[in-house]
There are 2 protein chains.
Amino acid sequence: MKSIAAVHKTYGNPAEVVRPETVEVPAPQKGEAVVKLVRAVVNPSDLGMIGGSYGRLRPLPAIAGREGIGEVAALGPETEGPRAGALVRLPPEPGAWTQYQIAKASDLLEIPCGLDPDAAAMAFINPPTALCVLDGFEKIKPGDWLIQNGAGSALGIFMIQICAARGIKTVNMLRNAGKKRAMLEGYGADIVVDEAEFDAKAIKEATGNCLKLGLNQIGGASVSNMIKAMGDSATVVTIGGMTGEPVRFPTRFLIFNDLRLRGFWWDKWQRTHSRAECEALFSQVFELIAAGVLKAPVDSRYKMADIEAAMRRATENSRLGKVMIEF
Amino acid sequence: MKSIAAVHKTYGNPAEVVRPETVEVPAPQKGEAVVKLVRAVVNPSDLGMIGGSYGRLRPLPAIAGREGIGEVAALGPETEGPRAGALVRLPPEPGAWTQYQIAKASDLLEIPCGLDPDAAAMAFINPPTALCVLDGFEKIKPGDWLIQNGAGSALGIFMIQICAARGIKTVNMLRNAGKKRAMLEGYGADIVVDEAEFDAKAIKEATGNCLKLGLNQIGGASVSNMIKAMGDSATVVTIGGMTGEPVRFPTRFLIFNDLRLRGFWWDKWQRTHSRAECEALFSQVFELIAAGVLKAPVDSRYKMADIEAAMRRATENSRLGKVMIEF
């Protein structure tokens, strides 16, 4: 069977190295299923993996992408698993951005019926990351404050939505806040500040000097500023470094303010937790989608044949929400 | 009663602002004791407090210093407490570097008999800091590795001694390792490396990529290098920033290596723990001194009248061990 896939043969600028290619998909054997792509999502970490800078890289040539939903197109002989037509998570390895792929049927995670397909396609990286950051480092209760940069990203938006639903208040840092401010407030953001106008003292006052948890996706000056706004014994969790600049701050915050700097890597969390633990986390996400808490921010939609345009759009700063790949 | 004290009226260079001065000490009231200085210790954090950069500053004019041992010279009327002549911890507040001071008798911590007086005088800041760092962050068992910079400092030496006694192996970074190398190895150091020749890859190999705990007193390039040598999910605890340079490192260590950056401030630990907890920690230190594990590194001894020379010596880099103030 032929499949159109988003392939890169070198690491580099995604818009330059990712191309649609026809690849051969073998017939499913016993215990295997063919999964047909329905919607795939472009994440910053995908771009980092294509670029050669993010975490564990794939051997080349590689099919890119890790997130989305597909449909079971066929099952191998004598194979149990989700029935043909069932909606499942796109198997992230090796490479989600492909029209058809073979997967172990028993590995497939079925998506509950009736979920918004856009939100379901985005359910496997950003929402579980937000939940792990929120629940895995500091005890955050209703009325507490969280601060994040890169707040206009899908992760940032999901974090706002989850916090608002739980009664946790959020300070949201982003570049060129202008047009995004109203949208983030619509999602439940309490404070939205432009990075360029960030005033740590004002944030300390507005939050009662009680910021206990920070989420850093950006690095550089952004996280240095965030650190100055934190309360004592607060944790800043880094999950990305969009600027590529190092973290940089005076040691006195560590010593005298008991600042705690940690990191979180979703891919590793998945690798090091049991299937039951992963499924329990995804169930939480599905419930949040079903309850209308998580609303999927979609920036634009591209066909697989237009993968180059999708890559170009995904590397632009003006986006609000995810670039989606469809068939 | 007159007392000669090391006083500073401004914050600044210790050798320029600290002067011997005669101050008036009132007669002890009920519940009070007069404590006569026997030996006081000059710590880097004392210099930072005199300089105006370290933690919680004292109102001016201030008597400097926080560590040492004294003798109970007299008790107030109807006062219970250590008998006259007993050896006690110098009350750290307000200011330990003074010939006589008044203290609440019930606050005085008595020193067990027979301890080496130099080691006893150094028992209240560096050894408990080493124990808190070693026991408070990561589970470190015999055979595990610890890395520290500023390893030639008194804290560094105490850490080597405690680790060697527990079977924990140490990597010790310092500047101009040359003549200090043999001494540190004599104290039980496993690896001694000059900062200028530090090779993170070689250290990773030598430690089996298992460095779980780092102690940073220096900041700047030193801690950036240390971070590159750590194993996965390791904690680097910062207790000082001698270079004054910020911590600076790529965010990828936080994300992909699960590096954990923490800080520790002994003064705050003391303030936020009960008297019983503090005494339990000091008892551990006294036992280590009595067992011969902690050997006090003394660089030089100065009379209180020569406090300016003591301050000069304490700010020089070539020291090995503590500057002591005596009477």
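All chains are named by letter (A, B, ...) in the order of the sequence lines, taking the proteins before the strands, and each is independently numbered beginning at 1.
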Item to check | Partner residues of B/F264 under the side-chain contact (heavy atoms from CB on, under 4.5 Å) criterion, sequence neighbours left out | outcome: B/T129, B/C132, B/V133, B/F137, B/V237, B/I239, B/W266, B/W269
Next on the checklist: Heavy-atom cut-off 4.5 Å, strictly under: side chain, backbone, both or neither for B/S53 against chain A?
Outcome noted: backbone
Item to check | Pairwise side-chain contact, B/D258 with A/R262, heavy-atom cut-off 4.5 Å (strictly under) | outcome: yes
Item to check | Pairwise distance OG1(B/T251) to CD(A/Q217) - rounded to 0.5 angstrom | outcome: 11.5 Å
Checklist entry - Checking B/S233 against chain A: side chain, backbone, both or neither under 4.5 Å from a heavy atom? => result side chain
Item to check | Residue-level interface, residues 270-282 of chain A with chain B, non-hydrogen cut-off under 4.5 Å | outcome: none
Checklist entry - By a 4.5 Å heavy-atom criterion (distance strictly below it), what part of B/Y54 contacts chain A: side chain, backbone, both, or neither? => result both
Checklist entry - Where on B/R252 is there a heavy atom nearer than 4.5 Å to chain A: the side chain, the backbone, both, or neither? => result side chain
Checklist entry - What are the two closest non-hydrogen atoms of B/L254 and A/T238, and how far apart are they? => result CD1-OG1, 3.5 Å
Item to check | Interface moiety of B/L259 toward chain A, non-hydrogen atoms closer than 4.5 Å | outcome: backbone
